[in-house]
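Side chains are part of it too, since the values below use all heavy atoms of this structure and drop only hydrogens, waters and symmetry mates.
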Amino acid sequence: VELAPTRADLVELRALCLVETGAFLDARDAAEAALAIEPERYAARAVSAWCAYRLEGPGEALVRLGELEDSLRALDE
């Protein structure tokens with residue numbers, strides 16, 4: 001069953017579920033798909049960073065987490 005690729009929230013939720021099961025490659029792909037639809041999906045960005053940590057090491061993960069933190073700080077309160 002394929003998800004409708006127009007719903008970033010559902011694709012993001014799938015990424016979260018996949019990371020919980022340890023399927024980091026699939027979770028990364030789902031997070032990137034959600035971000036392709038809607039680049040400001042913060043949970044998808046966090047999943048992407050966590051997958052980068054698990055698959056590539058801390059260097060890339062820290063870069064992604066820093067970018068996420070910067071975008072969150074830029075939000076209106």
Side-chain angles (χ1 to χ4, degrees):
V1 174
E2 287 292 317
L3 291 174
T6 58
R7 295 280 311 265
D9 58 334
L10 295 179
V11 180
E12 178 182 66
L13 182 59
R14 182 172 190 270
L16 286 166
C17 291
L18 287 167
V19 85
E20 284 291 322
T21 65
F24 298 109
L25 290 171
D26 292 334
R28 180 188 62 193
D29 292 344
E32 295 301 322
L35 292 170
I37 299 166
E38 192 176 324
E40 294 302 315
R41 298 299 305 187
Y42 300 112
R45 293 175 75 182
V47 167
S48 179
W50 180 249
C51 290
Y53 172 73
R54 293 300 306 255
L55 298 170
E56 302 170 34
E60 180 63 25
L62 288 173
V63 169
R64 292 185 192 196
L65 287 172
E67 292 169 351
L68 175 58
E69 182 180 20
D70 290 344
S71 64
L72 289 172
R73 287 182 188 273
L75 292 175
D76 292 332
E77 290 191 26

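When all heavy atoms of R41 and L35 are compared, the closest pair comes out as O-CD2, 3.6 Å. Summarising the geometry of A44 relative to A31, their closest heavy-atom pair is O-CB, 3.4 Å, with the distance given to 0.1 Å. Contact detail for R45 and E67: the closest heavy-atom pair is NH2-O, 3.5 Å. Here the closest heavy-atom approach between residue E12 and residue Y42 is recorded as OE2-N, 3.9 Å. Nearest approach of R14 to A30, heavy atoms of both residues: NH1-CB, 4.1 Å.
E40 CD: more than 12 foreign heavy atoms inside a 6.0 Å radius.
Between the SG atom of C51 and the CD atom of E60 there is a distance of 12.0 Å, given to the nearest 0.5 Å. Here the straight-line distance linking atom CG of L55 with atom CH2 of W50 works out to 11.0 Å at 0.5 Å rounding. Considering CZ of R7 and CD1 of I37, their distance stands at 10.0 Å, rounded to 0.5 Å. Rounding to the nearest 0.5 angstrom, the gap separating the CG atom in L65 from the CG atom in D70 is 11.0 Å.
Ion pairing of E69 with R73 is present here, as a side-chain N (NZ or NE/NH1/NH2) and a carboxylate O approach within less than 4.0 Å.
V11 and L16 fall into different hydrophobic clusters, where Ile, Leu, Val, Met, Phe, Trp and Tyr are joined by side-chain heavy atoms under 4.5 Å apart, directly or via other members. Taken together through direct or relayed side-chain contacts under 4.5 Å among Ile, Leu, Val, Met, Phe, Trp and Tyr, Y53 and V19 form part of one hydrophobic cluster.
For the pair R64 and L68, the minimum side-chain heavy-atom distance is 4.5 Å or more.
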